[in-house]
Amino acid sequence: MAQKGRHIGLPLREVCDMTALKDLHKHDKPREKLVAKGVGALKNEELLAILLGSGVQGKDVRKLAKEIISLMDEGLGQLTLERLCTIHGLGTAKASQILAALELSKRYLIRSNRRITDAADVYQELAKYADRSQEYFLTITLDGASHIIQTRTVFIGTLNQSLVHPREVFADAIADRAAGIIVAHNHPSGTLEPSRADMQITQRLKEVAKLVGIELLDHVILTKEGYYSFSDEGVL
């Protein structure tokens, strides 16, 4: 009687090959490959397989992923929920996951491609804060090519040197590995002239910027009527 687990009728070499293929499959799974080699080592269908999580009855996740990639290769502009659902086994839930992931990626890519070249760009980026009834102190972190990494609200309220602390201003910039930072705040009063506190804050941030190695590129005051740039005025 054959022992349980023995490969009856197969040469030893074929048995070894089967075992090797099984082990290879185990170590070549998309998630394990990502952990071992990094996300950049994965093929498109492997990335999508991770996103899908599992296949459907009669179709494993890799086959399903390849069919979806073929549809994506025809053009993302024409990719809709209805088109995705034409793939056998792909339901509304997983199709929605794919579309949501693509849209999120697109939004971040568009944002990361925005550049700040002057104070006018800063004003455009932060225009929605220009007519706020409270003062908002904001930061824009930039990479070495002046692309926006992130825009943040650091403080809301009347500005003074004790409240706007350099630690809060530069902590995120350091985490972002930013090459430069722009600070800005709005004047609800509508005046574009910097106050004494504005001048003191700018000088203090300029000194700290030198210490941490992140360039303070500008401090921009925003109002409904326009903006004041410390850089343009030669204060920085």
Side-chain angles (χ1 to χ4, degrees), residues 2-115 139-153 170-179 214:
Q3 295 180 13
K4 187 177 180 180
R6 295 285 298 272
H7 299 273
I8 305 302
L10 290 177
L12 181 60
R13 182 176 177 180
E14 289 187 31
V15 173
C16 292
D17 286 345
M18 286 176 64
T19 304
L21 285 170
K22 185 178 179 182
D23 290 340
L24 176 63
H25 179 67
K26 178 182 176 182
H27 294 291
D28 198 39
K29 290 180 180 178
R31 280 200 195 94
E32 283 79 355
K33 187 175 178 180
L34 186 150
V35 172
K37 300 181 180 180
V39 69
L42 274 66
K43 298 176 182 178
N44 291 347
E45 59 264 24
E46 291 174 322
L47 292 170
L48 189 54
I50 291 176
L51 188 62
L52 291 169
S54 62
V56 296
Q57 188 174 4
K59 188 182 296 183
D60 66 31
V61 69
R62 285 202 181 190
K63 184 175 180 181
L64 182 60
K66 285 180 180 180
E67 290 183 22
I68 296 168
I69 289 294
S70 295
L71 196 61
M72 291 169 66
D73 286 341
E74 293 176 14
L76 292 179
Q78 290 76 44
L79 196 66
T80 63
L81 187 66
E82 291 73 20
R83 289 200 73 196
L84 281 170
C85 288
T86 61
I87 296 175
H88 176 69
L90 189 66
T92 303
K94 287 190 176 182
S96 298
Q97 281 182 283
I98 295 166
L99 290 176
L102 289 171
E103 179 63 21
L104 187 62
S105 299
K106 182 172 69 175
R107 291 182 187 184
Y108 271 86
L109 285 170
I110 289 171
R111 185 172 68 183
S112 66
N113 283 329
R114 291 205 305 271
R115 295 184 71 230
T139 62
I140 302 174
T141 52
L142 304 169
D143 65 17
S146 297
H147 292 110
I148 296 173
I149 300 173
Q150 191 64 269
T151 299
R152 297 179 175 92
T153 300
F170 285 98
D172 289 319
I174 293 169
D176 287 346
R177 300 179 182 272
I214 297 174

Residues two or more places apart in sequence or in another chain: which of them pass side-chain contact (heavy atoms from CB on, under 4.5 Å) with Ala145? Asp143, His147
What distance do Lys43 atom NZ and Leu47 atom CG have between them, rounded to the nearest 0.5 Å? 11.5 Å
From CG (Leu64) to CG (Leu90), nearest 0.5 Å: 5.5 Å
Does Leu102 form a side-chain contact (heavy atoms from CB on, under 4.5 Å) with Met72? I'd like the steps, not just the answer. CA-CA 11 Å; Leu102 289 171; Met72 291 169 66; 3.9 Å; yes
Partner set under side-chain contact (heavy atoms from CB on, under 4.5 Å) for Asp172, not counting sequence neighbours: Arg152
Spacing of Ile69 atom CD1 and Asn44 atom CG [to the nearest 0.5 Å]: 5.0 Å
Applying salt bridge (Lys or Arg N to Asp or Glu O under 4.0 Å), name anything that partners Arg83, two or more places apart in sequence or on another chain. Glu74
Partner set under side-chain contact (heavy atoms from CB on, under 4.5 Å) for Ala65, not counting sequence neighbours: Glu45, Leu48, Ala49, Leu52
In the structure I gave you, are the side-chain heavy atoms of Ile149 and Leu142 within less than 4.5 Å of one another anywhere? no
If I take atom NZ from residue Lys66 and atom CD1 from residue Ile87, how far apart are they, to the nearest 0.5 angstrom? 14.0 Å
Which pairs pass salt bridge (charged side-chain N to carboxylate O under 4.0 Å, His left out) with one or both residues in residues 95-104, sequence neighbours excluded? Glu103-Lys106, Glu103-Arg107
With sequence neighbours excluded, what pairs up with Ser146 under the side-chain contact (heavy atoms from CB on, under 4.5 Å) test? Arg115
Residue list, salt bridge (Lys or Arg N to Asp or Glu O under 4.0 Å) with Lys59, at least two apart or on another chain: Glu67
Quick one: side chain to side chain donor-acceptor pair (under 3.5 Å) partners of Thr139, sequence neighbours excluded? none
Give every residue pair that meets the side-chain hydrogen bond (donor to acceptor under 3.5 Å, both in side chains) criterion with at least one member in residues 88-97, sequence neighbours excluded. Ser54-Lys94
Determine whether Ile148 and Thr141 make a side-chain contact, defined as any pair of heavy atoms from C-beta on separated by less than 4.5 Å. no
Closest non-hydrogen atom pair between Pro30 and Ile50, with its separation: CB-CG1, 3.5 Å
Between Asp60 and Arg62, is there a donor-acceptor pair closer than 3.5 Å when you use the side chain of the first and the backbone of the second? yes
Rounded distance [0.5 Å steps], CG in Asp73 versus CG in Leu71: 9.0 Å
